[in-house]
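In listed order, ligands and their atoms are each counted from 1.
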Amino acid sequence: MQATAQAQPNIALVKYWGKRDIGHNLPAVGSISITLDAPHTRTTVSFSDRLLQDEFLLNGKHEASMLGRVSTCLDTLRALSGSSLKARVESENDFPTGAGLASSASGFAALVRAGAAALELDLDIQQLADLARRGSGSAARSLLGGFVELSLPSPGSESTPVSSLCKADEWPLSVAIAITSSAAKSVGSTEGMERSRLTSAYYPAWVDSQEADLARARQAIAKRDFQALAEVSEYSCLKMHGLAMASEPGMMYFNGATVECLHQVRALRAQGVPVFFTIDAGPQVKAVCLPEALEQVSRALAEIPGVQKIIPCGLGDGSRLVQG
Ligand code: PMV
């Protein structure tokens, strides 16, 4: 009745922003991401008849704000196995939580793997991805490694297909994550997405133009065309942040150092260094590069005032069971 799983964050290159159905947490747009090889979330799920309610501990501390979403995932697992046992979920992150480093993606990807194993449920990747997506839309992508696409459900379905576009070792890119703040983000992604949907004049155009970006990214990945991937990824990133800023009240996830990092990445690329940026709902900058450029990119970003730390990583595999 106990199992432990590990997962790494993924970073969207073609961004997900907006929900089609908030109750089922169905995205309004498809997305394409890369799964990292570090940092890690490790989650242990233990079901027990001694527990009166679910418990969720993050880095050793009870975390009430996430308990509802954790219990929603556990409820689905319990329904599938016919169990009514409550669970204690202990999750450890070796990186800042809630600051735009996709901690919810790795968190829910590890949770569903461990939870299913603890209940001895034999679920395939798609079933696990659909469960993880209920907790966090982007979590579905951390079930797989390398380049991953999360697609929209077909009419009448609530399943969001996940598929591998290219394995981590088939195009082993590197990522330098520039940490510019370790504070939790001001507006969470669910609230932010709804705010954009309800208030931004740009929202319909965002949804309508997503398929073209996905097609460009798919083609760039298939051809291992770094320059083409750089262009569509930066475009999607800035378009998402433009939408967030053009909501009411506008959401500004960047700080000064974030903006300086963007200029630095573009200056490096103009000099011929193979690197591009992307940023999620937080102030950290992810500089994606060819492995031979990682050292130079990391050094250049580390010099920017306000950059606290650089986390270098590569592409990795999807979530996996480590015990149970
Ligand atoms: O899965 P959520 O609810 O944490 O939303 C993720 C939103 C972004 O990180 C900004 C974009 C993405 O596709 O991961």
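Each of A12, K15, Y16, W17, S104, S136, G137, S138, R141, S189, M193, M240, D280, A281 has a non-hydrogen atom positioned under 4.0 Å from some atom of ligand 1.
With sequence neighbours excluded, the residues satisfying ring-ring contact (aromatic ring centres under 6.0 Å, His included) with H241 are F254.
For R216 and E211, the salt-bridge test fails: no basic side-chain N is under 4.0 Å from an acidic carboxylate O.
Between K86 and S48, every side-chain heavy-atom pair lies at or beyond the 4.5 Å cut-off.
Using a 30° and 60° split on the angle between ring planes, W17 and Y253 fall in the perpendicular class, above 60°.
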Please output the side-chain donor-acceptor pairs of residues 18-35 that fall under 3.5 Å, not counting sequence neighbours, one pair per line with the distance.
residue : atom : partner : partner atom : Å
K19     : NZ   : Y16     : OH           : 2.8
K19     : NZ   : N25     : OD1          : 2.7
D21     : OD1  : G23     : N            : 2.9
D21     : OD1  : H24     : N            : 3.1
D21     : OD2  : H24     : ND1          : 2.7
H24     : NE2  : E158    : OE2          : 3.3
N25     : ND2  : R133    : O            : 2.7
S31     : OG   : R141    : NH1          : 2.8
S33     : OG   : R141    : NE           : 3.1
T35     : OG1  : L144    : O            : 2.7

Tell me which donor-acceptor pairs under 3.5 Å the side chains of residues 304-318 have, and how far apart each pair is, sequence neighbours excluded?
none

